J.: 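Before I ask anything, here is the structure I am working with.
Just so we're clear, the structure is a prediction, and the values are computed from it rather than from any experiment. The chains referred to below are lettered A, B, ... by the order of the sequence lines, with proteins before strands, and numbering in each begins at 1.
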Amino acid sequence: MKDASRPMIEVCGVSKFYGSFQALADISFTVSDGEKVVIIGPSGSGKSTILRSINCLETIDRGSISVGGMDVSSPKTDICKVREEVGMVFQSFNLFPHKTVLENLTLAQTVVRKRSKKDAEEIAMELLRKVNIVEKAAAYPAKLSGGQQQRVAIARSLAMNPKAILFDEPTSALDPEMIGEVLDVMKTLAQEGMTMVVVTHEMGFAREVSDRVIFMDHGRIVEEGTPEHFFTAPTHERAKLFLSQIL
Amino acid sequence: MLDNQSNHTPIAVGDGAAIPHKSDAGLFTAWRIAFFGSIVLCLFLAFGRPDQYMAIFKFVPDGILITFKVTLGAIVLAIVFGLIAGLGRISSNRFINGTASLYVEVIRGIPLLVQLFYIYYALGRFIKIPDMLSAIIAMAFCYGAYMAEIFRAGIQSIPKGQMEAALSLGMSRRQAMHQVILPQAFKVVLPPIGNEFIALLKDSSLVSILAVSDLLRRGREYASETFNYFETYTVIALIYLIMTLFFSKLISIMEERLNEGR
């Protein structure tokens, strides 16, 4: 059941354990339609884990997560339906190496969305134009640079017309000169009103694009607020320390 | 760079015939000497010593055909068994996983010759099927267990991110396996499957004890009539050698083509 009054993504009291190690401790936040939320924090702080929990690539031990009114944590929910609506972009791109760039974009459209090959290809070419890589449509991913691969990966997730996209450190595996081209695509998406949750170390991007910054450490949300607040006057010592090291 | 998509981890190969590689110059030369040497030797025996050998070369070709039939039938069926059991081995369903693991463990623990006798006579006791088909099923059942391990390793060698990417696009596990994982795994398992094929070609000689007239059995039939044991088994060995060397080269060429493909 879709409930218009509920936020797009609702994370409520989520905890996760690896044995006795607590990876996530009582995490709660919401992302409303069209909002851009950036999650930052030191490595091992649980930011990727919570992101991956949203489309159920990780299971959670306590709490609940709902996406577009669908309860992700309930065993009754068809998890494929949730994943159809939420795109994901990975640090390591994860393009399908045995398929061309075009086929990477059309595969899920035809298999999951049941679009005709022709429709899927039209949509795919449109998106490749959008991420500015249309000339590589027939190439295999191995022939592309990291930045190009990541742009294709973003287009692949857009091809499913997701309501929101999760970015898991999308620029961390890239050479410095390629980070800009990927961030530009992400900024365009943000301007178009896409709902985005981004785990990143790109503070410039967080500051410029995000509506809200969530700072995590040791599996907890330490600080949450607007980028102006977070980058100029963070309240917590841990956040101050982190910023002083990274900026 | 975290880009580990294109270079799959090669998986360890077993004890089949060595598949020659282009880079492996020593082995390539050895292959050439053995292959052309045995062909020349065959020609010499057939035409240089026709009174002793010509009759053998005329008597055994029927058996070569049967050997091929058994090998091809068994490898195709073994791939089917192996794929099913291999998928079972990585299943999270405990019953399926347990059954597949049991199959692999039991079969790999019993000598092939014993299994051949067992399955052949066990099958013969309950249903009436042709001897050759029964031999093929017995061979395939055994090789399927080894093949299962190849498929399991091949599937597990595909980076985890591939499955995650497919799932996050809304594909079901089955769709992801079919569209994304297996096509990639196929490329990884092809060399070890080629090895199994050559091993199977050689092991197919075991079916000669099951009233199947393969190459070895034809040789035995000829030898027991003429008492020319030495001459007969020389020819039999040479023919097996030529066949395995030919196929190992063919597989290495196929593999090269496949690697050039991307």
J.: Minimum heavy-atom separation for B:Leu169 to A:Ala108, with atom names?
T.: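 Between these two residues, the closest heavy atoms are CB-CB, 3.7 Å.
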J.: Would a distance-only check, ignoring hydrogens and angles, find a side-chain to backbone donor-acceptor pair under 3.5 Å from A:Glu84 to B:Met171?
T.: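 Side chain of A:Glu84 to backbone of B:Met171, a donor-acceptor pair under 3.5 Å: no, none is there.
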J.: With side chains defined as the heavy atoms from C-beta onward, is the minimum distance between A:Val111 and B:Gln179 less than 4.5 Å?
T.: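 Heavy-atom side-chain distance check passes, below 4.5 Å.
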J.: Is any side-chain heavy atom of B:Gln162 closer than 4.5 Å to a side-chain heavy atom of A:Pro97?
T.: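 The answer is yes; the side chains approach within 4.5 Å.
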J.: State the OG-CD1 distance between B:Ser168 and A:Ile54, to the nearest 0.5 angstrom.
T.: 13.0 Å
J.: Strictly less than 4.5 Å between heavy atoms, which residues of residues 96-106 of chain B line up against chain A? Please order them by number.
T.: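 Those residues of residues 96-106 of chain B which would need a heavy atom under 4.5 Å from chain A do not exist here.
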J.: So which part of B:Glu164 gets closer than 4.5 Å to some heavy atom of chain A, the side chain, the backbone, both or neither?
T.: both
J.: With a 6.0 Å cut-off (strictly less than), is the heavy-atom count around CZ of B:Phe247, excluding the residue itself, greater than 12?
T.: yes
J.: Checking heavy atoms, do the side chain of A:Arg113, its backbone, both or neither come under 4.5 Å from chain B?
T.: neither
J.: Do you know which two heavy atoms are closest between B:Gly170 and A:Cys80, and how far apart they sit?
T.: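 Nearest heavy atoms, B:Gly170 then A:Cys80: O-CB, 3.7 Å.
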J.: Do B:Ile181 and A:Phe96 have side-chain heavy atoms sitting under 4.5 Å apart?
T.: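 SC-SC contact between B:Ile181 and A:Phe96 ruled out.
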J.: Within the supplied structure, the quantity of interest is the number of heavy atoms (other residues, nucleotides, ligands) at a distance under 6.0 Å from A:Arg129 CZ; does it exceed 12?
T.: yes
J.: Could you look at B:Ala176 and say if it's the side chain, the backbone, both or neither that has a heavy atom under 4.5 Å from chain A?
T.: neither
J.: With a 4.5 Å limit on heavy-atom distance, are the side chains of B:Lys187 and A:His98 in contact?
T.: no
J.: Atom CD1 of A:Ile79 and atom OG of B:Ser172: how far apart are they, to the nearest 0.5 Å?
T.: 13.0 Å
J.: Name the region of A:Val82, side chain, backbone, both or neither, that has any atom closer than 4.5 Å to a heavy atom of chain B.
T.: neither
J.: Mark yes when over 12 heavy atoms from residues, nucleotides or ligands other than B:His178 sit less than 6.0 Å from its NE2; otherwise mark no.
T.: no
J.: Checking A:Asn94 side chain against B:Gly161 main chain: does a donor-acceptor pair fall under 3.5 Å?
T.: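 Flag set: sc A:Asn94 to bb B:Gly161 pair under 3.5 Å.
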J.: Is there side-chain contact between A:Leu107 and B:Val180, with at least one heavy-atom pair below 4.5 Å?
T.: yes
